[in-house]
Asks: 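Dumping the structure here so I can ask a few things about it.
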Amino acid sequence: MTRSLTSRRVFIQTSAAAGGGLLLSLMLPQRAGAGAAAAADISASFMPNAFIRIGRTGPITLIVHMVEMGQGTFTSLPMLIAEELEVDLAQIVVEAAPPDDKLYTNPINGMQATGTSASIRAAWEPLRQCGAIARTLLITAAAKLWRVEEHTCHAYKGSVVHSPSGRSVRYQLLVDAAAKLPVPGAVVLKARKDFKLIGTAAKRVDAKDKVLGQTVFGIDARVAGMKFAAVAICPEFGAALRPTDDSAALKVSGVRKVIQLHDAVAVVADHTGAARKGLAALQLNWDSGPNAAIDSAAIARQMALASTTGKALVANKIGDVAGARAHAVSQFEQVYELPLLAHAPMEPMNCSVHVRVDGCDIWVGTQVQTRAQAEAARITGLPLAAVKLHSLFIGGGFGRRLEIDNINLAVRIGQQVEGPVNVLWSREEDMQHDFYRPCYHNRVWVGLDSHGMPLTWQHRVTGSSVLARWDPPSFKNGLDDDAVDSAAGPPYDFPNVLLEFVRCEPPGIATGWWRGVGSTHNVFIVESVMDELALAAKIDPVEYRRRLLKGSPRALGVLEKAAMMADWGKPLPARSGRGVSVEFAFGTYVATVLQVAVTAGGEVKVEGAVCAVDCGVIVNPDTVKAQIEGGTIFGLSAALFNEITLANGRVDQSNFNDYRMLRMLEAPRVKVHLMESAEAPGGIGETGTAAVAPALINAIFAATGVRLRKLPVATHDLRAI
Amino acid sequence: MSYSINVNGADHSVEVEGDTPLLWVLRDVLGMTGTKFGCAIALCGACTVHLDGRPVRACTLPVAAAVGKRVRTIEGASSEKVSASLMAAWLELEVVQCGYCQPGQIMSASALLADKPNPSDGDIDHAMSGNICRCGTYQRIRAAIKHAATHLVTDGESSDIAIGTQ
Ligand code: FES
Ligand code: FES
């Protein structure tokens, strides 16, 4: 999902907000083509939604259009506005934006969606502009009030100050005057050297409520009269529920109702405990669907076959691979396989709804506010305006909450419940009805020159296209730019490249975005191959990469730094080793070195990780570090342990016993170094995850001499003989 | 059936079956949603509360087993010195990301510190490895526990900095 930010224009309108106050409407431009039409729209009509709201009294409200799911948007996006508006974070309150694709589209995603590590990248200029325009208007209003020249006034901590006379006035007292002023055509943004807030480790605005247990996540929505539903969804994808005798559930004290849908059953009760007990009491039978026979071995065979016989479309072509191959002195060819993965966020899927004849309320944590609202409207037949979305905190998204299946199910249940209902999935339902990270089959052919350096690089990616389902207009000519993201591209500069994509959908399985998306998969391939080539050339893996990164100083910079931090080259005990990876993804460069020790029994202990990160200008260094630390752990769980398998059309895994997570005693300390940079900001939420698997596999090779080409790590292959 | 339970010092009478997990009584019947649901089979620690000072998983503890005992949840934690000190350390070191696991983490950590005011790395691993954090905040949790422990030992009185239920 790498799309270019084609326009940086910002459209702003001011008007007096209801109840008095200055409200600035700002529209982030949409994708190329859509921008102009939307711009006409916004200039023609009053837009009640915005990013800044200043009332005559009270704190300044900054509205955040990207959801907070741990990545820090509720702090870092307001920092962009506050920097230019000249207010402290202590002077503001943060509000979640309502669903509105016109006002709040993220130009990188083309809709109001929080993903692709895009929040800061997309908002970097527009939100600062928004703050600067507001500041300019407030200064103009103050200058008029005092009958002084504007340039003799400046903004400081939520007030306009006239230094010559020592007068100052709080923004709140200027809002009526400022709202009547015309919007300035152009504003000058602060120079980087003048930043007061951007670049500081400002404290997260959401932290205190979270440690006190007061944050309201989707699962915590509570309104008067609320009932609680437990659900069971067809265990086979695409199967149907047979009519079920509900008497056993209705006998459970507290159970009010059993709702039978074609694909699921819900037990509605006074509390989740009764609902779950009622659900467990039911004898559920399902009709087999078309996918009853699928299993993991068949899917792997299907992928392998497609990779050799399927239609390979050219995703990228540089030079002439076929011609140059003739000059290669040796050839490298390998296959790498990646499994299906579940998201397993800590907060299982849920959604609360109250469906009425004339309206519908939804309480949910979602990464796609407008899609969530539209789905409820579609199912109920209500107009969009009658569906009110209450956007709540997200207990882990990782891409799972870019889907709206939880909203779909909750609304269908809510249609049969009087009053509000909280629909909560069990961990098992969450794991067995995910939109899985696709499994991929990769073939790589490299033609090498006499020094063992790549002359030709051919990579054929075979797997599902998430994009084709999730955003069909972006899936063009059979090509999925996400499925091949970070493959055969920067940071390495190969003279001849052929990158191919074979679309192969595993039957019945919905695939979805998973932290790091295409990069998580392709960085693993590229960086595994790099190590294999270094070995064949008898060159140290860091040195080998160094030679290929001459044209990319930022990539080289992070590599050198990480190697230094990790004492690269310093001898280690037997069955210990270091592994390296270099990544360019989401506009950010990361080099990771992992150190592992492998026991005689094949258990892998990750002893430490260092990451050097160049993500351009940094808005909040502590948040960036936290994302790299956490992203590394997230990627390690997957690489070491995780795989979704199927038998007889059903997912085998169910809970944290058979889909396990790294725990504290297994988690390495991740040391992060942030490079100084004046480049435009890169994304950060997914980079740590994408970088770690190849570093792990390369470290395991260094420790054991065993090259793993399949994830997750197979410990039985690592036993000392 | 009616059960009387004491949560954070207050008595509550709840009309539920005796085998109802305490988790749902807290969250759905009493409306105290700070205690979280993650797995329902004692694997993730999101639902950790204290029962007479010991950490327990509320998802597998029948409400009947809580009768006659003191239940403490995250909502009542900040009024108690060790927890308040941990919360302050959590904020100081910016531990939280999504935050969903953190009430459970803090409840496990406070039980640890109440028991072992000066825990070793091994003690921390042992006490905390039942709590999963999908966002991967483990290293900061470890550091925050040590930070809080140091503060509790060196200046026991002034530890409850900046925290208090609003
Ligand atoms: S919900 Fe109780 S341990 Fe996971
Ligand atoms: S902070 Fe998100 S699960 Fe721990």
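Here is the naming used below: chain letters follow the sequence lines, and residue numbers restart at 1 for every chain.
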Asks: Decide side chain to side chain contact (heavy atoms under 4.5 Å, CB included) for A:Met346 and B:Cys133; before the verdict, give the C-alpha distance in whole Å, the side-chain angles of both, and the deciding distance to 0.1 Å.
Replies: CA-CA 7 Å; A:Met346 276 320 288; B:Cys133 174; 6.0 Å; no
Asks: Take B:Thr33 and A:Val216 through the test side chain to side chain contact (heavy atoms under 4.5 Å, CB included) and record every step on the way to the result.
Replies: CA-CA 8 Å; B:Thr33 55; A:Val216 180; 5.8 Å; no
Asks: Given 3.5 Å as the limit, does a donor-acceptor pair link the side chain of B:Ser129 with the main chain of A:Leu665, or not?
Replies: yes
Asks: So which of A:Arg276, A:Glu666, A:Glu428 has the biggest tally of heavy-atom pairs under 4.5 Å with chain B?
Replies: A:Arg276
Asks: Walk me through whether B:Tyr100 and A:Ile394 qualify under side chain to side chain contact (heavy atoms under 4.5 Å, CB included).
Replies: CA-CA 8 Å; B:Tyr100 190 79; A:Ile394 292 181; over 6 Å; no
Asks: Taking A:Leu424, A:Asn350, A:Val252 one by one, which has the highest count of heavy-atom pairs under 4.5 Å against chain B?
Replies: A:Leu424
Asks: Within the side chain of A:Lys208, is there an N or O that forms a donor-acceptor pair under 3.5 Å with the backbone of B:Leu91?
Replies: no
Asks: For A:Arg660, which atoms come within 4.5 Å of any heavy atom of chain B: side chain, backbone, both, or neither?
Replies: neither
Asks: Heavy-atom pairs under 4.5 Å with chain B - which of A:Arg204, A:Arg427, A:Glu68 has more of them than the others?
Replies: A:Arg204
Asks: What is the minimum heavy-atom distance between B:Ile124 and A:Met664, and which atoms define it?
Replies: CG2-SD, 3.7 Å
Asks: Which distance, rounded to the nearest 0.5 Å, do you find between the CG of A:Leu662 and the CD1 of B:Ile132?
Replies: 10.0 Å
Asks: With a 3.5 Å distance limit and no angle check, can you tell me whether B:Arg134 reaches the backbone of A:Ala344 through a side-chain donor-acceptor pair?
Replies: yes
Asks: Less than 4.5 Å apart, any side-chain heavy atom of B:Ile74 and any of A:Leu212?
Replies: no
Asks: Do you know which of A:Ser253, A:Ala626, A:Gly396 has the most heavy-atom pairs under 4.5 Å to chain B?
Replies: A:Ala626
Asks: With chain B as the partner, which of A:Gln71, A:Glu347, A:Met69 has the greatest number of non-hydrogen pairs under 4.5 Å?
Replies: A:Glu347
Asks: Report yes if the side chains of A:Arg663 and B:Asn131 come closer than 4.5 Å at any heavy-atom pair, otherwise no.
Replies: no
Asks: Does any heavy atom of chain B fall under 4.5 Å from the side chain of A:Thr215, the backbone, both, or neither of them?
Replies: backbone
Asks: Could you pull out the closest heavy-atom pair between A:His271 and B:Trp24, with the gap in Å?
Replies: ND1-CB, 4.3 Å
Asks: Taking side chain as everything from C-beta outward and backbone as N, CA, C, O, which of these in A:Thr623 sits under 4.5 Å from a heavy atom of chain B? Side chain, backbone, both or neither.
Replies: neither
Asks: Identify the two heavy atoms, one from A:Gly395 and one from B:Cys98, that lie closest to each other, and give their separation to 0.1 Å.
Replies: C-SG, 3.6 Å
Asks: Write down the atom of B:Gln139, the atom of A:Val670, and the distance for their closest heavy-atom approach.
Replies: OE1-N, 2.6 Å
Asks: Using a heavy-atom cutoff of under 4.5 Å, enumerate the residues of residues 34-41 of chain B that contact chain A, numbered in order, or state 'none'.
Replies: B:Gly34, B:Lys36, B:Phe37, B:Gly38, B:Cys39, B:Ala40, B:Ile41
Asks: Which pair of heavy atoms, one from B:Glu94 and one from A:Ala207, lies closest together, and at what distance?
Replies: OE1-CB, 4.0 Å
Asks: Could you give all pairs that pass the salt bridge (Lys or Arg N to Asp or Glu O under 4.0 Å) test and reach residues 2-18 of chain B, with sequence neighbours left out?
Replies: none
Asks: Which of the residues B:Gln102, B:Met128, B:Arg142, B:Met32 is involved in the greatest number of heavy-atom pairs with chain A at under 4.5 angstrom?
Replies: B:Arg142
Asks: Check this for me: A:Lys605, atom NZ, are more than 12 non-hydrogen atoms of other residues, nucleotides or ligands nearer than 6.0 Å?
Replies: yes
Asks: Mind ranking B:Arg140, B:His126, B:Met1 by heavy-atom pairs under 4.5 Å with chain A and telling me who comes out on top?
Replies: B:Arg140
Asks: Counting only heavy atoms not in A:Lys203 (residues, nucleotides, ligands), do more than 12 fall under 6.0 Å from its NZ?
Replies: yes
Asks: Test of understanding: with salt bridge (Lys or Arg N to Asp or Glu O under 4.0 Å), list the residues that count as partners of B:Arg27, not counting sequence neighbours.
Replies: A:Asp220
Asks: Identify which part of A:Leu636 has an atom lying under 4.5 Å from any heavy atom of chain B, answering side chain, backbone, both or neither.
Replies: neither
Asks: Could you please spell out the steps behind the side-chain hydrogen bond (donor to acceptor under 3.5 Å, both in side chains) verdict for B:Gln97 and A:Gln627?
Replies: CA-CA 8 Å; B:Gln97 290 190 25; A:Gln627 283 301 300; 3.2 Å; yes
Asks: Is the shortest heavy-atom distance from the side chain of B:Trp90 to the side chain of A:Lys210 under 4.5 Å?
Replies: no
Asks: So, B:Asp28 and A:Lys227, do they make that salt bridge, N to O below 4.0 Å?
Replies: no
Asks: Can you name the residues that form a side-chain contact (heavy atoms from CB on, under 4.5 Å) with B:Ala127, not counting sequence neighbours?
Replies: B:Leu112
Asks: Counting heavy-atom pairs under 4.5 Å to chain B, which of A:Arg515, A:Lys277, A:Met431 comes out on top?
Replies: A:Lys277
Asks: Check whether B:Ile106 gets within reach of chain A through its side chain, its backbone, both or neither, counting any heavy atom under 4.5 Å.
Replies: side chain
Asks: Do you know the tightest heavy-atom contact between B:Cys135 and A:Phe398?
Replies: SG-CZ, 4.1 Å
Asks: Under the 3.5 angstrom rule, does the side chain of B:Tyr138 hit a backbone N or O of A:Arg669 as a donor-acceptor pair?
Replies: no
Asks: Report which part of A:Phe656 has an atom under 4.5 Å of a heavy atom belonging to chain B: side chain, backbone, both, or neither.
Replies: both
